[in-house]
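The next block holds one structure in the form of structure tokens; read it before the comments.
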Amino acid sequence: MSYISEQQIIRIKKLEKLRKLGINPYPSKEYNITTTVQKIKNNFLENDKISIAGRLMRLRILGKATFGNIKDHTGCIQIYFNKYNLYTKGINKKDVYNIIIKKLLDIGDIIGIIGILFKTKQNEKTVYVHKITILSKSIRPLPQVKKDKNKIIHDIFSNVEHRYRMRYVDLIVNDNIKDIFFKRTKIIKKIKNFLDVKGYIEVDTPILQLIPGGAIARPFVTHHNSLNIPLYLRIANELYLKRLIVGGFHGVYEFSKNFRNEGMDRNHNPEFTVLELYVAYKDYYWMMNFTEKIIKYIFKIFKNICYKAPFKRITILESIKEYTGFDLNNMDKNNIIKICRKLNIKENNNIDKNKLIENIFEEKCKKNYTDPTFIIDYPIEMSPLTKKHRDNKNLSERFELIINGQEIANAYSELNDPIDQLDRFKKQINNEKKIFKNYSMLIDKDFIRALEYGMPPTAGIGIGIDRLVMLLTNNKSIQEVLLFPQMKQEQEYKF
RNA sequence: GACCUGGUAGCUCAGCUGGUAGAGCAUUACACUUUUAAUGUAAGGGUCCUGGGUUCGAAUCCCAGUCAGGUCACCA
């Protein structure tokens, strides 16, 4: 009884054989390469001598000749061995081919090769290997994903559980995966660049917080031993960035890893990334214009879509009117409940009025907005950190950006009246007792104090980076755009 | 948290109303000097997710658990 598969045992034996031959299967010395696969292919010159390193992905032994494929970080190229002209340090020449190549080399091994470029009869760019160095022996068999002449992929490594748990294997054998993450990094860089050019400052604010503020969500709780206090992983960084605006920064932003102890699904991972940006002396109208610029810029680059600004702007109540025919303006809760019933939307007396409005929007309206649309002017109670609307005391100066039926950004004219803010925090805690009963929720009085010193009028926005990347890379699941999505412990780890 | 679906060889999967576990690729051996999903011949490889139950007999039926996916709830 063993947890080691037959194939692994065979590979471990090969490892021992290599050592007996005097070959270290895990050498420490730097390996010099002169080029990459991509460069070779782009500037192919027959008889060039090159040195590259990478992973052996395929081996085709034909007696006295052997073909293989080696993959480095830029691509995959065919290599060719035969029993003449092959050299490995310290090994009898004829043994190199007969023993090392034919018997001890495995798919998955990481090797360095020095050789001469040529083209085969089939016109395939190939490296004629003169010297091979084993750089790292692989003792676990790689899934064999194969592509046929028609580029149809066979036996694709597709089990998502395996792919997410062993992302390293996913990255090795599934060609398109790396691109998603290259793109993710590029998207973030482009946005940073866009903001830097405007003179906004990237900052770091605490991940461990005394009071998890700036949103309502169950936080992850941890404990500081020497201070003997609970600390919370941030659910948002909003209140800290606003403190910086109080402190005199003109514009600040942070790509914030936030943590929420909530359910997981294809749109939610316990840790996720949000870009938060705050700019002094602006309001949410300015922020809509600014958001249009970022979104247009990013979608042009990464999807080659040219959205036209201004994007559609519609108040949430108008949107509901448009898609349901019901005008909720000035309507009391009882009447809204009646409408929910008519629309077949879950309702009961315990659900907050604004939550009902939001549910109607989510169910009946949101999915209709495929082109970028600003949903604006939410009821005031839904937005405790937002300024009252300048023209309507029941509304707030807030917008959400919807693209493809997905909420991508949330922004406001930031509330900077300290007395109003304290009042709203108190109301919010009353409204959300159900959520707060499991941990002691405190009002962030230091944040109120900061506002008391005076925060300039400010516009702020949060952009969900994971969802943006999903949109730009055509992925339907957040796990596909996170290198290591959250997983439960495997019950049995096979060694 | 609820419900539905799934977990079989390294990978991708088949396995009917219960009767000693199958394929392709991968692996091993032999053959083969231009292959590229190499080919040909032969062979080996299994905790059928875990635990319990029903049964003469369970991969298969039942119960519980576990992991994953999906739908819903939660996530202003």
Side-chain angles (χ1 to χ4, degrees), chain A residues 1-11 13-14 57-69 76-84 97 102-103 106-108 118-126 128 138-166 169 173 215-218 235-236 258 260-270 272 346 351-352 354-355 357-359 361-362 378-379 381-386 396 398 400 407 410 428 431-432 434-435 476-477 479 485 487-492 494:
Chain A
M1 197 176 97
S2 169
Y3 291 105
I4 304 180
S5 73
E6 183 199 32
Q7 293 193 46
Q8 286 180 69
I9 292 166
I10 289 165
R11 285 189 178 213
K13 282 186 181 153
K14 289 181 179 181
M57 297 302 287
R58 205 76 67 201
L59 208 55
R60 297 178 289 280
I61 299 172
L62 301 93
K64 297 188 184 70
T66 291
F67 289 88
N69 293 80
C76 201
I77 193 167
Q78 176 163 276
I79 57 179
Y80 171 75
F81 306 97
N82 67 23
K83 67 173 184 175
Y84 316 101
Y97 183 75
K102 284 174 76 174
K103 299 291 178 192
D106 281 306
I107 291 169
F118 77 107
K119 276 189 186 171
T120 63
K121 285 176 193 166
Q122 308 297 321
N123 213 29
E124 178 85 18
K125 294 168 181 172
T126 305
Y128 186 166
S138 166
I139 58 168
R140 208 178 259 269
L142 214 50
Q144 290 295 297
V145 181
K146 298 205 171 188
K147 232 186 244 175
D148 69 17
K149 284 161 204 155
N150 304 318
K151 304 222 165 164
I152 294 164
I153 299 171
H154 300 264
D155 298 330
I156 188 163
F157 182 61
S158 57
N159 182 315
V160 286
E161 183 175 359
H162 292 171
R163 286 184 48 234
Y164 299 154
R165 285 194 195 282
M166 300 186 283
V169 176
V173 302
I216 290 177
R218 267 172 271 237
I235 56 174
N258 294 345
R260 295 187 185 179
N261 206 341
E262 310 277 2
M264 289 164 61
D265 59 38
R266 55 162 68 180
N267 286 311
H268 297 86
N269 194 65
F272 60 102
K346 209 190 100 182
I351 301 176
D352 185 70
N354 299 297
K355 181 71 187 160
I357 294 174
E358 199 190 336
N359 288 348
F361 177 79
E362 298 261 331
Y378 286 67
E381 300 88 342
M382 287 168 80
S383 319
L385 296 158
T386 310
S396 60
R398 170 179 171 192
E400 287 197 0
E407 175 198 327
N410 185 15
Q428 182 193 349
N431 289 341
E432 303 290 344
K434 275 174 286 173
I435 295 172
K476 284 182 185 138
S477 159
Q479 292 157 306
M487 287 271 152
K488 283 197 198 171
Q489 184 84 52
E490 283 173 89
Q491 70 265 49
E492 208 178 299
K494 282 189 187 172

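Chain letters run A, B, ... following the sequence lines, proteins first and then strands; every chain starts at 1.
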Considering only atom P, compute the distance from B/rG65 to B/rA23 and round it to an integer number of Å. 36 Å
Side chain to side chain contact (heavy atoms under 4.5 Å, CB included) involving A/Asn267 - partner list, sequence neighbours excluded: A/Asp265, A/Gln406, A/Arg467, A/Met470
The criterion is side chain to side chain contact (heavy atoms under 4.5 Å, CB included); which residues satisfy it with A/Glu6, sequence neighbours excluded? A/Ile10
Can you identify which nucleotide, out of B/rC11, B/rC13, B/rC25, has its nearest atom closest to the A/Phe157 side chain? B/rC11
Using atom P in both nucleotides, what's the gap between B/rG46 and B/rG22 to the nearest angstrom? 14 Å
Pairing residues for A/Glu124 by the salt bridge (Lys or Arg N to Asp or Glu O under 4.0 Å) criterion, not counting sequence neighbours: none
Pick base, sugar-phosphate or nothing for A/Glu407, based on heavy-atom distances below 4.0 Å to the nucleic acid. nothing
Mind calculating the distance between CD (A/Gln8) and C1' (B/rC11) to the nearest angstrom? 13 Å
Nearest to the side chain of A/Lys355 - B/rC75, B/rU12, B/rA26? B/rC75
Treating A/Arg218 as the side-chain partner and A/Glu262 as the backbone partner, does any N or O pair qualify as donor plus acceptor under 3.5 Å? no
note: A/Arg11, atom CZ; B/rA26, atom P; distance rounded to Å ~ 12 Å
Looking at A/Thr120, A/Ile79, A/Leu59, which hits side chain to side chain contact (heavy atoms under 4.5 Å, CB included) with A/Phe67? A/Thr120
First encountered from the 5' end of RNA chain B, between A/Pro141 and A/Met487: A/Pro141
Classify the nucleic acid contact of A/Lys103 as base, sugar-phosphate or nothing, counting any heavy atom under 4.0 Å across all strands shown. sugar-phosphate
Do the side-chain N or O atoms of A/Arg165 get closer than 4.0 angstrom to the phosphate oxygens (OP1, OP2) of B/rA68? yes
Partners passing side chain to side chain contact (heavy atoms under 4.5 Å, CB included) against A/Asn123 (at least two apart in sequence or in another chain): A/Lys119
Take the protein atom NE2 of A/His162 and the nucleotide atom C1' of B/rG6, then report the distance between them rounded to whole Å. 12 Å
Hey, does A/Thr66 reach any base, or is it just sugar-phosphate, or nothing, if we go heavy atoms under 4.0 Å? nothing
Rounded to whole angstroms, how far apart are CD on A/Glu362 and P on B/rC72? 12 Å
Sugar-phosphate, base or nothing in reach of A/Arg266, heavy atoms under 4.0 Å: sugar-phosphate
Send over the distance from A/Ile10 CD1 to B/rG10 C1', rounded to a whole Å. 11 Å
Separation of B/rU12 atom P from A/Arg163 atom CZ, nearest Å, is 11 Å
To the nearest Å, give me how far apart CG (A/Asn159) and P (B/rG69) are. 10 Å
Using purine N1 to pyrimidine N3 plus N6-O4 or O6-N4 for Watson-Crick, or N1-O2 and O6-N3 for G-U wobble, both under 3.5 Å, which nucleotide pairs with B/rG1? B/rC72
Does the structure show a Watson-Crick or G-U wobble partner for B/rA43, both distances under 3.5 Å? Name it, or say none. B/rU27
Mind checking the C1' distance from B/rA2 to B/rA14? Whole angstroms is fine. 33 Å
Can you tell me, in whole Å, how much space there is between the C1' of B/rC62 and that of B/rU54? 7 Å
Nearest heavy-atom approach of A/Ile107 to A/Gln144 is CG2-NE2, 3.3 Å
Got a sec, which residues hit side-chain hydrogen bond (donor to acceptor under 3.5 Å, both in side chains) with A/Asn359, two or more places apart in sequence or on another chain? none
Can you tell me how far P in B/rA31 sits from the matching atom in B/rC61, rounded to whole Å? 48 Å
Could you tell me the Watson-Crick or G-U partner of B/rC16, where both distances fall under 3.5 Å? Say none if there is no partner. none
Are OP1 or OP2 of B/rU27 and a side-chain N or O of A/Lys14 less than 4.0 angstrom apart? no
Say you pick atom P in B/rG51 and the same atom in B/rU12; how far apart are they, in whole Å? 23 Å
So what does A/Asn267 hit on the nucleic acid, given a heavy-atom distance under 4.0 Å: a base, only sugar-phosphate, or nothing? nothing
Interatomic distance at C1', B/rU60 relative to B/rU20, whole Å: 15 Å
Where does the angle between the aromatic ring planes of A/Tyr80 and A/Tyr128 fall among parallel (under 30°), tilted (30 to 60°) and perpendicular (over 60°)? perpendicular
Does any nucleotide pair with B/rU34 by Watson-Crick or G-U wobble geometry, both distances under 3.5 Å, and what is it? none
Between NZ of A/Lys488 and P of B/rG69 the distance, given in whole Å, is 10 Å
Any-strand Watson-Crick or G-U partner of B/rA64, both distances under 3.5 Å: B/rU50
Generate the contact string for nucleotides 32-40 of chain B. Rules: B means base contact, S means sugar-phosphate contact only, - means no protein heavy atom under 4.0 Å. BBBBBBB--
Kindly give the atom pairs (protein nitrogen or oxygen, nucleotide nitrogen or oxygen) under 3.5 Å for nucleotides 42-44 of chain B.
from, atom 1, to, atom 2, distance (Å)
B/rG44, O2', A/Glu6, OE2, 2.9
B/rG44, N2, A/Glu6, OE1, 2.5
B/rG44, N3, A/Glu6, OE1, 3.3
B/rG44, N3, A/Glu6, OE2, 3.4

With sequence neighbours left out, write down each residue that passes side-chain hydrogen bond (donor to acceptor under 3.5 Å, both in side chains) with A/Asn410, or none if nothing qualifies. A/Arg398
Measuring only between side-chain heavy atoms, which start at C-beta, is A/Arg60 closer than 4.5 Å to A/Asn69? yes
Can you list the residues that meet the side-chain hydrogen bond (donor to acceptor under 3.5 Å, both in side chains) rule with A/Asn269, with sequence neighbours excluded? none
Taking atom P in both B/rU66 and B/rA29, compute the distance separating them and give it to the nearest angstrom. 44 Å
